[in-house]
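Atoms within each ligand, like the ligands themselves, are counted from 1 in listed order. Computed from heavy atoms alone, side chains included, the values below leave out hydrogens, waters and symmetry copies.
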Amino acid sequence: MTGTIYVLNGPNLNLLGKRQPEIYGSETLADVEAAAISQAKTHGLDVNFLQSNAEYQLIDWIHEAREKAVAIVINPAAYTHTSVAILDALNTFEGPVIEVHISNVHKREEFRHHSFVSLRADGVIAGCGTQGYLLAIDRIARLTACEN
Ligand code: DHK
């Protein structure tokens, strides 16, 4: 199996490790990127790891993934709860989509309980910390190998 997974990160995740570490942990996004690359490598997959605070940029990367990626892992951060535009973009992508949240959004404020992205996601991982990204990559490896 070869191919590239686009791992997309939404607003404020550039501050991972510094921002509310009691909720999001002390690892930086660069740490998560390195771990994701090495996890994907164990499955013979590549990772394109990206972060933006801008909704349009995330949408443009999803469009790019249509041509360049076998799967998408996305932590849309706050856009999870607000963005019909990101949902619409993900609906144009044909491969597997796994939604990741570092925190357990269901244990938090009620406005975090609803996700537009979950209407498209093939799987949702929440509350597993940054390990959630690695679990998502394992799941994609399974799905792209056409197993259940
Ligand atoms: C990250 C955020 O920035 C929040 O807006 C989401 C998500 C939760 C996370 O847990 O990774 O509500």
Side-chain angles (χ1 to χ4, degrees), residues 3-43 45-66 68-144:
T4 300
I5 305 170
Y6 269 38
V7 180
L8 304 179
N9 294 279
N12 301 303
L13 288 167
N14 53 309
L15 295 180
L16 196 65
K18 296 179 196 144
R19 163 206 188 206
Q20 297 180 281
E22 69 287 0
I23 295 176
Y24 297 108
S26 57
E27 270 186 302
T28 67
L29 202 60
D31 295 331
V32 180
E33 177 175 10
I37 288 169
S38 94
Q39 187 72 13
K41 211 173 187 179
T42 68
H43 298 293
L45 292 162
D46 294 320
V47 160
N48 189 10
F49 195 95
L50 301 160
Q51 188 277 331
S52 179
N53 295 324
E55 189 176 23
Y56 83 89
Q57 179 64 83
L58 294 161
I59 292 164
D60 283 353
W61 284 331
I62 293 165
H63 293 173
E64 189 181 292
R66 283 163 46 79
K68 297 189 174 165
V70 294
I72 293 175
V73 172
I74 184 164
N75 182 348
Y79 289 139
T80 306
H81 320 296
T82 63
S83 182
V84 175
I86 288 177
L87 169 63
D88 285 351
L90 288 169
N91 277 329
T92 75
F93 182 77
E94 287 181 2
V97 174
I98 307 291
E99 176 183 350
V100 171
H101 303 289
I102 295 167
S103 65
N104 182 355
V105 283
H106 300 289
K107 244 178 142 178
R108 300 181 64 192
E109 302 95 323
E110 204 168 332
F111 66 83
R112 294 184 204 277
H113 298 179
H114 179 261
S115 167
F116 284 102
V117 170
S118 291
L119 289 165
R120 165 62 180 90
D122 298 295
V124 182
I125 298 168
C128 295
T130 56
Q131 188 190 0
Y133 289 82
L134 310 185
L135 298 171
I137 286 167
D138 289 346
R139 180 66 183 154
I140 280 165
R142 175 78 71 94
L143 291 174
T144 56

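At a cut-off of 3.5 Å, with distance as the only test, a side-chain donor of Glu99 or Ser115 sits close to an acceptor on the other residue.
Only the side chain of Val105 comes within 4.0 Å of ligand 1, judged by heavy-atom distances. At a 4.0 Å heavy-atom cut-off, ligand 1 touches Ile102 through backbone and side chain alike. Of all the heavy atoms of Asn75, the ones lying under 4.0 Å from any atom of ligand 1 belong exclusively to the side chain. Contacts between His101 and ligand 1, counted as non-hydrogen atom pairs separated by less than 4.0 Å, involve both the backbone and the side chain.
Gln39 has its side chain out of reach of Leu45: every pair of non-hydrogen atoms, C-beta onward, lies at least 4.5 Å apart. For the pair His81 and Pro76, the minimum side-chain heavy-atom distance is 4.5 Å or more. A 4.5 Å side-chain heavy-atom check between Ile98 and Ile72 finds every atom pair outside the cut-off. For the pair Leu16 and Ile102, the minimum side-chain heavy-atom distance is below 4.5 Å. Put simply, the side chain of Ile23 reaches to within 4.5 Å of the side chain of Arg108, judged on heavy atoms. Taking 4.5 Å as the limit, every side-chain heavy atom of Asp31 sits out of range of all side-chain heavy atoms of Thr130. Between Arg66 and Thr92 the shortest side-chain heavy-atom distance falls below 4.5 Å.
Not a single heavy atom of Tyr79 lies less than 4.0 angstrom from ligand 1.
The protein non-hydrogen atom at the shortest distance from atom 2 (C) of ligand 1 is Tyr24 OH, 3.4 Å. Here the heavy atom of the protein found nearest to atom 10 (O) of ligand 1 is Ser103 OG, 2.6 Å. When only non-hydrogen protein atoms are considered, atom 4 (C) of ligand 1 lies nearest to Arg112 NH1, 3.3 Å.
Residue-ligand proximity, Arg19 to ligand 1, at heavy-atom distances under 4.0 Å covers atoms 2 (C), 3 (O). Of all the atoms in ligand 1, the ones that sit under 4.0 Å from a non-hydrogen atom of His81 are 6 (C), 12 (O).
Between Arg108 and ligand 1, no N or O atom pair is found at a separation short of 3.5 Å.
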